[in-house]
Enquirer: 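This is the structure I have questions about; it appears just below.
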Amino acid sequence: RVIVVATGDLRFVYVLESDAGEYFCSAQNTIIGRSVVSNRARLSVTVPPSFTIHPVDTSVTLYGTAQLTCRALGTPTPTVTWYKDSSLLTAGDRVTFSQNNELLTITNVQQTDQGAYYCEASSSLGMVRSNG
């Protein structure tokens with residue numbers, strides 16, 4: 001997966017997120033007892049957004065509290081946005097978002113709150129939509 005080629009270059013055949021970090025090269029001449037170290041080079045690994053938790057179907061009694069969770073990962077960190085019946089949800093008296101928008105809470109649930117809820121995660125590398 002990681003190869004040092006004959007020229008001394010470091011080649012990543014398949015980059016993993018765990019490969020991110022600083023790299024440097026050192027050379028030694030044991031005959032004369034000298035060594036040199038190159039400047040450090042930083043490898044950043046970007047990862048498109050993906051979901052680790054999708055919102056699940058939930059039933060709540062009238063005037064109760066509903067909570068839906070949507071968790072996304074990626075580098076850079078994706079932004080999570082919630083929708084109800086294809087319309088953007090915004091915070092209000094009964095609708096709140098917490099934990100970086102991963103948790104949607106609706107208090108004093110009304111019949112008009114019934115619908116299809118889903119979330120989107122977006123970054124400079126793309127956008128994904130949750131199941132739901």
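Since the model is a prediction, treat every value here as computed from it, not as a measurement. Start at 1 with the first residue, then count along the sequence.
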Enquirer: My understanding is that only residues two or more places apart in sequence, or in another chain, count here; which of them pass salt bridge (Lys or Arg N to Asp or Glu O under 4.0 Å) with Arg11?
Expert: none
Enquirer: Would you please name every residue forming a side chain to side chain donor-acceptor pair (under 3.5 Å) with Thr75, sequence neighbours left out?
Expert: Glu17
Enquirer: In the hydrophobic clustering (ILVMFWY, side-chain contacts below 4.5 Å, transitive), which residues join Tyr14, or is it alone?
Expert: Leu16
Enquirer: With rounding to the nearest 0.5 angstrom, report the OG1 to CD distance, Thr52 to Glu102.
Expert: 7.0 Å
Enquirer: Of all heavy-atom pairs between Val15 and Val45, which one has the smallest distance, and what is that distance?
Expert: CG1-CG2, 3.7 Å
Enquirer: Can you tell me how far the OH atom of Tyr117 sits from the OG1 atom of Thr58, to the nearest 0.5 Å?
Expert: 10.5 Å
Enquirer: Under the side chain to side chain donor-acceptor pair (under 3.5 Å) test, which residues partner Asn108, sequence neighbours left out?
Expert: Gln110
Enquirer: Sequence neighbours left out, what passes side chain to side chain donor-acceptor pair (under 3.5 Å) with Gln114? Give chain and number order.
Expert: none
Enquirer: Working to the nearest 0.5 Å, report the span between CZ of Arg42 and CZ of Phe24.
Expert: 13.5 Å
Enquirer: Passes side chain to side chain contact (heavy atoms under 4.5 Å, CB included), Phe12 versus Leu43? Steps please.
Expert: CA-CA 11 Å; Phe12 292 85; Leu43 174 64; 3.9 Å; yes
Enquirer: Kindly state each residue pair satisfying side-chain hydrogen bond (donor to acceptor under 3.5 Å, both in side chains) with at least one member in residues 83-95, sequence neighbours excluded.
Expert: Tyr83-Glu120, Arg94-Asp113
Enquirer: Do any pairs count as a disulfide (SG to SG under 2.5 Å) and have a residue in residues 43-130, sequence neighbours left out, and if so which ones?
Expert: Cys70-Cys119
Enquirer: How far does CG of Leu103 sit from CG of Leu68, to the nearest 0.5 angstrom?
Expert: 8.5 Å
Enquirer: Restricting to non-hydrogen atoms, name the atom on Gly126 and the atom on Pro49 that form the minimum distance, rounded to 0.1 Å.
Expert: O-CG, 3.4 Å
Enquirer: What's the shortest heavy-atom distance between Val80 and Asn101, and which atoms?
Expert: O-ND2, 2.9 Å
Enquirer: Could you measure the distance from the CD1 atom of Ile53 to the CG atom of Leu73? Nearest 0.5 Å is fine.
Expert: 9.0 Å
Enquirer: Using only atom types and a distance under 3.5 Å, with no angle test, would you say the side chain of Thr69 pairs donor to acceptor with the backbone of Gln67?
Expert: no
Enquirer: Quick one: salt bridge (Lys or Arg N to Asp or Glu O under 4.0 Å) pairs with a partner in residues 46-56, sequence neighbours left out?
Expert: none
Enquirer: If you link ILVMFWY side chains whenever their heavy atoms are less than 4.5 Å apart, which other residues fall into the same cluster as Phe51? By chain and number, please.
Expert: Val128
Enquirer: Are Val5 and Val13 connected in a single hydrophobic cluster, I mean Ile/Leu/Val/Met/Phe/Trp/Tyr linked by side-chain heavy atoms less than 4.5 Å apart?
Expert: yes
Enquirer: So, for Ile106 and Val95, which heavy atoms are closest and what is the spacing to 0.1 Å?
Expert: CG1-CG2, 4.3 Å
Enquirer: To the closest 0.5 Å, what do you measure between OH (Tyr118) and CG (Leu104)?
Expert: 13.5 Å
Enquirer: Apart from Leu125 itself, what residues make up its hydrophobic cluster, given side-chain heavy atom links below 4.5 Å?
Expert: none
Enquirer: How does the hydrophobic cluster around Tyr63 look, that is, which other residues are in it when side-chain heavy atoms under 4.5 Å mark a link?
Expert: Leu62
Enquirer: Hey, could you give me each pair passing side-chain hydrogen bond (donor to acceptor under 3.5 Å, both in side chains) that has a residue in residues 26-41? Not counting sequence neighbours.
Expert: none
